[in-house]
Amino acid sequence: MEVTDQELKIDLQKQGVLMTSLNELYNWGRKNSVWPLQFGLACCAIEMIAASMARYDLARFGAEVFRPSPRQADLMIVAGTVTKKMAPQVVRLYNQMAEPKYVIAMGACAISGGPFKQGYNVLKGIDRYLPVDVHIPGCPPRPEALLHAFMTLQNKIASQPLTGPARPRHLRAGAPSEFSVPQCGPHGLVPPSNPAVWRPPTAAQAG
Amino acid sequence: MRASDEAFFNFETGVNTYLPVLVLFLCAAGFALAPLGLAWLWAKRFSPTKPGPDKNATYECGLQSKWDARIQFKSGYYIYAILFLIFDVETVFMLPFAVVFHRLSVGGCLAMLFFLFLFLEGLLWAWKKGVLTWK
């Protein structure tokens, strides 16, 4: 049963009666057992490693189990510059992850190409091919920023209802299982972006 | 009826005294299997599968496999395998041979000598190939 009366819930909690719904319990378990995929692309990965070590201790959020296999991972932290040569592999790894899965784009490069944006061989943001849940600015972002992004992701997971139109992607039968993997063409990646995920921004015409 | 049979079968009551062990084993198996079954049922209900060609791929490193995994390869390193057998693995067999040498029958001794002859053959082959010469 969905507990809608928050005041009643808090009153009961004071009396030692804990009430919850299946939705809350399910999401509580999900948000505290997010296992990231163990891979780094550039210098942001060093900060990601630091975040998982004792000083910053990502284990506090239940996310210390970096998995070397995409089959066991829930979260892809795109930590670093995505070159056009590496982009197909990143998308394929995302496709191989088990549902439900989330993506954190860590650092300027993963968001937009960063300092290499004008280069010929760097992807200008992984959100052209993958549905990114949290973006972290910075070059590279500090481990605290990754922790903040992680908490943001936890809040997002906790707020997802299990039913209705806003339910997460893995519970929608019609949602695609895989995102198209770009190919290396003669002038960059083909297609340059996945229109189902990302569309180029259009400039508003002043009338 | 042997005496050892009486240890786990009580003839007066007709109860097998190993029955509690069986019950404990079934309980242990239940504790192990029930969470797996519940998890499977939960997954059936709440997380529908989303298979796809990438997800069902054999390799999980992000790269596509290019050809069949079962291929023939050149056994160019066989000479190292031979030398490894002669100078390393042989010791495992030589030590027990030396320990029981005096109590060994003629047949056993001949079998062992034949075994050593096989190794000697490998050594001569390696010698002839010149792999024992330091250049």
Side-chain angles (χ1 to χ4, degrees), chain A residues 22-23 25-27 29-30 33 37-41 67-74 76 78 82-83 85-101 126 129-131 157 160-163 167-184 194, chain B residues 20-85 87-89 92:
Chain A
L22 183 64
N23 191 359
L25 200 64
Y26 182 71
N27 283 341
R30 280 193 326 127
S33 61
L37 183 62
Q38 186 181 26
F39 86 109
L41 296 172
R67 304 313 295 177
S69 161
R71 318 276 190 207
Q72 304 163 357
D74 308 302
M76 172 178 261
V78 184
V82 188
T83 58
K85 195 172 184 180
M86 195 62 189
Q89 277 71 258
V90 173
V91 177
R92 208 171 280 125
L93 280 175
Y94 178 78
N95 285 343
Q96 289 178 342
M97 280 162 64
E99 301 274 357
K101 48 193 172 186
I126 193 63
Y129 294 109
L130 297 180
I157 294 172
Q160 282 181 323
L162 294 186
T163 51
R167 65 190 189 276
R169 212 177 62 85
H170 71 285
L171 293 175
R172 292 201 297 268
S177 68
E178 296 192 353
F179 289 85
S180 65
V181 179
Q183 302 290 323
C184 289
N194 185 353
Chain B
V21 178
L22 180 69
V23 171
L24 277 176
F25 174 75
L26 289 177
C27 285
F31 266 101
L33 292 176
L36 289 176
L38 284 174
W40 180 76
L41 283 175
W42 180 275
K44 275 283 206 199
R45 174 70 187 81
F46 289 107
S47 51
T49 53
K50 281 192 184 298
D54 272 349
K55 211 178 201 178
N56 294 343
T58 314
Y59 290 96
E60 46 195 47
C61 58
L63 296 167
Q64 280 174 313
S65 52
K66 283 200 161 58
W67 45 74
D68 196 35
R70 287 173 292 180
I71 52 162
Q72 287 185 328
F73 59 92
K74 281 185 199 162
S75 54
Y77 289 107
Y78 76 98
I79 201 82
Y80 295 99
I82 289 177
L83 289 178
F84 179 69
L85 278 176
F87 292 112
D88 234 65
V89 182
V92 180

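Letters A, B, ... mirror the listed sequences (proteins, then strands); counts begin at 1.
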Sub-3.5 Å donor-acceptor pair from the side chain of A/Glu99 to the main-chain atoms of B/Lys50, do we have one?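 Flag not set: sc A/Glu99 to bb B/Lys50 has no pair under 3.5 Å.
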
Q.
I'd like to know if the side chain of A/Gln89 reaches the main chain of B/Leu63, judged simply by a donor and an acceptor atom lying under 3.5 Å from each other, with no hydrogens or angles considered.
A.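 Here the side-chain-to-backbone pair does not exist.
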
How close do A/Ser177 and B/Pro51 get, heavy atom to heavy atom, and via which atoms?
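So the minimum-distance heavy-atom pair works out to OG-O, 3.1 Å.
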
Check this for me: B/Tyr59, atom OH, are more than 12 non-hydrogen atoms of other residues, nucleotides or ligands nearer than 6.0 Å?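 No.
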
Is it true that atom OH of B/Tyr78 has more than 12 heavy atoms of other residues, nucleotides or ligands lying nearer than 6.0 Å?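 Enclosed: over 12 neighbouring heavy atoms sit under 6.0 Å from OH of B/Tyr78.
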
Interchain contact, [X] with chain B, by part (heavy-atom threshold 4.5 Å):
| X | result |
| --- | --- |
| A/Tyr26 | side chain |
| A/Val181 | side chain |
| A/Met97 | backbone |
| A/Arg169 | backbone |

Notebook entry, point to check: Is it true that B/Glu60 and A/Arg71 make a salt bridge, defined as a side-chain N closer than 4.0 Å to a carboxylate O?
Noted result: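 Answer for the salt bridge query: yes.
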
Value rounded to 0.5 Å, distance of CD in B/Gln64 from CZ in A/Arg92: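 Answer rounded to 0.5 Å: 4.0 Å.
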
